[in-house]
Protein chains: 2
Amino acid sequence: MLKKQLIMESAIELFAKKGIDATSVQQITEHCGISKGAFYLSFKSKDELIFSIIDYFTKNVTANIERSVSEQQNPHDKLAAYFMEIFNILQKYGDFATVFIKEQHFINETLIDKMAYYDELNNKLLLDILRELYPSNVDSLQYDLIIIIKGLIASYGDFIIKNSYPFDIEKLTDSLVEKIKIIAKYGEKSFFTKDMFKSYSSHQPMITKDLIVEELQQLLTHIQDEVLRESLQILEKQIQSESPSKAIILGMLSNLKNEQECDWFCYMMRKYYELNISNTPF
Amino acid sequence: MLKKQLIMESAIELFAKKGIDATSVQQITEHCGISKGAFYLSFKSKDELIFSIIDYFTKNVTANIERSVSEQQNPHDKLAAYFMEIFNILQKYGDFATVFIKEQHFINETLIDKMAYYDELNNKLLLDILRELYPSNVDSLQYDLIIIIKGLIASYGDFIIKNSYPFDIEKLTDSLVEKIKIIAKYGEKSFFTKDMFKSYSSHQPMITKDLIVEELQQLLTHIQDEVLRESLQILEKQIQSESPSKAIILGMLSNLKNEQECDWFCYMMRKYYELNISNTPF
DNA sequence: TATAATAGTGACTAATCGGTCACTTGTCAA
DNA sequence: TTGACAAGTGACCGATTAGTCACTATTATA
């Protein structure tokens, strides 16, 4: 497990410097002083390495942002916390961000779906923040505000990544919160309608039974907790069964819902079995 | 010349679909129904193809935007024209934009410098528009406004690229001009200082005598006009001379200044011989 | 100390890449 | 019809790639 970490960190550094395709496995192994064979003891393929890196970061970043935002009581502070957390991450993990932003020919279809999922989570979080901040008067502007916030992050984030030189993130956050506040207050002309936004943001992932089972078995190799393991095993039987029980599936999923590692799996299950209950937060 | 165009168009399509590195010369030639040998009759290398594509577009896009903006008299219309032109280009050449945005491991150092140059031109144009629009009250906010405008373009532009479905660009432009107007009017908290912005935006290109001569000879293969050709030839002699005359160089450069194709060459000459005269528009 | 299991090695392979070159085809003036 | 020249072809080359595997080194156990 330690070796995996070492390889991933070396890889991120090299990927950021020269790009994913231009970095060979050989170069990665030389950079961390191991042999090529040892690399393939930790990862099945170069693709698996790329997948692991991206998966690891998106998972952590999403969790950190959500935690940081939820720690704030005041709605205004939530938006500030959102900006602040993202800019801090960009400053800290600029290397990774470079890889992440610039190379999106990941090959893997699953990865694209996963990204879309995290993007959806992010949109939902932003929408919640905005609705809490401006309960009434931004109805028509809320989708534009999301896009604008993302644009600000892209633009100022680019500056942060390119300047390793440390600077006042608090001042930046303060400045951007002000801009959003102003636009929400005085803005009248909206562009995005709800439908446009939905069709833009929600790329419907191709979820198959095989993909779900694969993710399930992946989880079983990590997870220790007995209740979680049993829940997963019961779910596997239901999936393979000819007449799966919605009640059992829903019950087992609720057993998993607090386990961050299972988020993606639960999401796939809900989509596949069309279990989107409108009043659940997720 | 027709064949070059054909290859470039095929390449853009494939690059956008799968990425530059992942697209082989073989695939490009198959896609336009020619042999590998024929490809190398039009382009010296794959790098030259990439370079040509990027150069062709940046040149055209920059020129189109500047023309479109300069056609407007009313300062407000200039900002609108700026947005409109960019969004139209993104809608039309989404394929190319995809390549352009996502892959920035171009290998070639010259290309990076050229991009920085066009970015500088773009910043200058935006700054002029903003200063004309808000002559007094945005002094401290003008650099932030540039970054914000770029962010809006990145964010809404992403939407345009991903949705080939046509929509109301005028409405979008109108909406964004409103947002900039609001921020300029009510915004108080600036983040960027002039120095920060300068150090961020102006990547000093590595200009050598060899690079300049190379560009000059490249120009001589294209340009027909006799005065321009003679000016270039005189400049070449001056460059190779041990004691170049500033007067002659300046004179020859002013002969070239209206020829769009020579912009980059003139820019390099000015930088190399430190001929930046502050009151020239460029 | 002997044995078994695990971790690590690097020469090797098959495939693919960008790029070359001896050769064929097409074109047009004489 | 001929010859000369440009346009186009695709087998081939050296380099590089991801991935494999027979082998060695290290560690743990008895």
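Naming convention: chains lettered A, B, ... in sequence-line order (proteins, then strands); numbering from 1 in each chain.
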- request: Can you tell me the distance, in whole Å, between the NZ atom of B/Lys18 and the C1' atom of C/dC17?
  value: 13 Å

task: Find the distance between CG (B/Leu90) and CZ (B/Phe96) and round it off to the nearest 0.5 Å.
output: 10.5 Å

task: Calculate the interatomic distance between A/Tyr40 atom OH and C/dC12 atom P; express it in whole Å.
output: 18 Å

Value in whole Å for how far the P atom of D/dT17 lies from CG of B/Asp21: 12 Å

Divergence of helical axes at both termini of the helix from C/dT1-D/dA30 to C/dA30-D/dT1 - five pairs an end, 10° steps: 10°

Flag for A/Gln238-A/Ser241: side-chain donor and acceptor within less than 3.5 Å: no

From CE (A/Met8) to CD1 (A/Ile50), nearest 0.5 Å: 11.5 Å

Between B/Asn123 and B/Lys150: side-chain donor-acceptor atoms closer than 3.5 Å: yes

- request: For the residue pair A/Tyr267 and A/Trp264, categorise the inter-ring angle as parallel (less than 30°), tilted (30 to 60°) or perpendicular (more than 60°).
  value: parallel

- request: Can you tell me the distance, in whole Å, between the CD1 atom of B/Ile20 and the P atom of C/dC17?
  value: 15 Å

- prompt: Could you state the CD-C1' distance from B/Glu48 to C/dG19, rounded to the nearest angstrom?
  reply: 13 Å

message: Run the ring-ring contact (aromatic ring centres under 6.0 Å, His included) test on A/Tyr93 and A/Phe57 for me, step by step, so that the C-alpha distance in whole Å, both residues' side-chain angles and the decisive distance to 0.1 Å come before the verdict.
response: CA-CA 9 Å; A/Tyr93 305 108; A/Phe57 268 89; 5.4 Å; yes

- request: Check the pair B/Asp225 / B/Arg229 against salt bridge (charged side-chain N to carboxylate O under 4.0 Å, His left out), numbers first and verdict last.
  value: CA-CA 6 Å; B/Asp225 183 283; B/Arg229 290 187 68 84; over 6 Å; no

- line: Checking A/Leu256, A/Ile249, A/Asn255 against A/Met252 for side-chain contact (heavy atoms from CB on, under 4.5 Å), the one that qualifies is A/Asn255

query: In whole angstrom, what separates B/Lys44's NZ from C/dG18's C1'?
result: 16 Å

Below 3.5 Å between N/O atoms, which protein atoms pair up with nucleotides 6-9 of chain D? Just atom names and distances, please.
residue, atom, partner, partner atom, Å
D/dG8, OP1, B/Lys3, NZ, 3.0
D/dT9, OP2, B/Ser35, N, 2.8
D/dT9, OP2, B/Ser35, OG, 2.9
D/dT9, O5', B/Ser35, OG, 3.3

Residue met sooner reading DNA chain C from 5', once B/Ser45 and A/Gln26 are mapped to nucleotides: A/Gln26

message: Just the rounded figure in Å: distance from P of C/dT16 to NZ of B/Lys46.
response: 15 Å

message: If only side-chain N and O atoms count, and only distance matters, is there a donor-acceptor pair under 3.5 Å linking A/Ser10 with A/Glu13?
response: no

message: Mind checking if A/Thr29 touches a base, just sugar-phosphate, or nothing, with heavy atoms under 4.0 Å?
response: nothing

query: What's the CG-P distance between A/Asp47 and D/dA18, to the nearest Å?
result: 10 Å

